[in-house]
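Structure first, commentary second.
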Amino acid sequence: MKNKLNEESIKPLSEAEYRQEAEPQLRKIFLNDNYQLPNFGVNAEIKKVLYEYWTPDEQVMNTIARAASNLGDTGFYISIINKTMPGTSSERPEHWWVPFSELSTYLSVNTDIFHFAYQLENVIYSPQGKWGIIYTFNKHGILGGVESFMEEFCRSFPSIDQQILDFLNYARECIDEYGLGQVNIGWLGGFLKQVYGFEQARVMLQESQLTSYINIENSNPQNTSDNLAPSTRSPVATQQGMDELKATLAASDPTDNPSVRRVVITIPEGVPDFMRLREASSTATRVFHLVIMRSSSRPERTTGDELYSQQGIRGKLPNGGTIALRIRKVNEDNGRGNIGEIFIRDHQISGYEQVELIEFVSD
């Protein structure tokens, strides 16, 4: 295959091509695909948050193209984060190479080429592993890169450091209006420490008047390359994984059955029903892989049959509890779909001791 640095046309990548040539570059910036608890690679020398970032953003992409070109990049990769389940294949591509000469095609929201990449969470990144930006449904982007790239990018956005404060102020306003129980902020403490470090995170929470809601003293994700596997598709067993599971429970809704909690996945308008259901199951898979032990399961060998079986995929939690993932088939709007289910036993998570099942459903 032609070196992507010299490729002059848009090209979809197979999963094998992605793993061989694109993912190694992505992992130089983001070691995992979890935007709530990102773990950064060796080239993420500076990290920033962009608030009210929607893809594709013309100003952001033009600035990226200019700064990246000065480092020798001739284009970028884009990958959908909301992937199909491991061991299965997608009917549509989920990764693309886009030369900067075709940037206008990407900015034109060409769904004939990029399909659902615009509607789903995605990451855009350097073919040399020198920068990357994650787009999330929470209206923010996570940008990281080498110092020279980030300095040039930030010159075009002189108020960039205010954007994370705007995001935190928005979270506080939501709490004031709707109540703490209706706002998912359980992940923010670990996120801020991962991106900005403890001291800067503490100051940000003070400035946004969130210290009474978010206790970063008790959130201790370690920002080391050994703490997480290269991707959330590879399971890990760390306290960070348990923090992620607790945050998931905190964001869940009670049901009539006290042992069942429900997490509603918000999907942008215009996404077909089958994609909504797929997202519900793939989100469960992503969370599951953050909390089970590395030795408990081999996602790269997982088959669809295992995920859909009565037993599902089983693993052990770091504290000795057990966890299992199962994908349940459902009918919706005359179509078949999937809902992700996480079964947990003896997890000892304070305040949620009765919970034994988390359902992931789309809105």
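Basis for what follows: all heavy atoms, side chains included, without hydrogens, waters or symmetry-related copies. All residue numbers refer to positions in the sequence shown, counting from 1.
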For this session: Return the set of residues passing side-chain hydrogen bond (donor to acceptor under 3.5 Å, both in side chains) with H140 (not counting sequence neighbours), or none when no residue passes.
Result: T136
Problem set entry | Partners passing side-chain hydrogen bond (donor to acceptor under 3.5 Å, both in side chains) against Q20 (at least two apart in sequence or in another chain) | none
Problem set entry | Pair listing, side-chain hydrogen bond (donor to acceptor under 3.5 Å, both in side chains) test, anchored in residues 49-62, at least two apart | T55-Y106
Hey, can you pull the donor-acceptor pairs under 3.5 Å for the side chains in residues 203-213, sequence neighbours left out?
| unit_1 | atom_1 | unit_2 | atom_2 | d |
| --- | --- | --- | --- | --- |
| S208 | OG | M204 | O | 2.8 |
| S208 | OG | L205 | O | 3.4 |

For this session: Give the other cluster members for F343, using side-chain heavy-atom distances under 4.5 Å between Ile, Leu, Val, Met, Phe, Trp and Tyr residues; answer none if it is isolated.
Result: V260, L357
Problem set entry | Residues, nucleotides or ligands: over 12 heavy atoms within 6.0 Å of Y196 OH | yes
For this session: Could you tell me which residues satisfy side chain to side chain contact (heavy atoms under 4.5 Å, CB included) with S14, sequence neighbours excluded, listed by chain and number?
Result: A16, E17
Seminar exercise, completed: Sorted by chain and number, sequence neighbours left out, side-chain hydrogen bond (donor to acceptor under 3.5 Å, both in side chains) with N257 holds for S259
Problem set entry | Listed partners of E359 passing salt bridge (Lys or Arg N to Asp or Glu O under 4.0 Å), at least two apart | R262, R328
For this session: Not counting sequence neighbours, which residues clear side chain to side chain contact (heavy atoms under 4.5 Å, CB included) with E151? List them please.
Result: E147, R155
Seminar exercise, completed: Residue set satisfying side-chain hydrogen bond (donor to acceptor under 3.5 Å, both in side chains) with D176, at least two apart, ordered chain then number -> none
Problem set entry | Under the side chain to side chain contact (heavy atoms under 4.5 Å, CB included) test, residues paired with S148 that sit two or more places apart | L71, V146
For this session: Sequence neighbours left out, what passes side chain to side chain contact (heavy atoms under 4.5 Å, CB included) with A44? Give chain and number order.
Result: I29, F40, K47
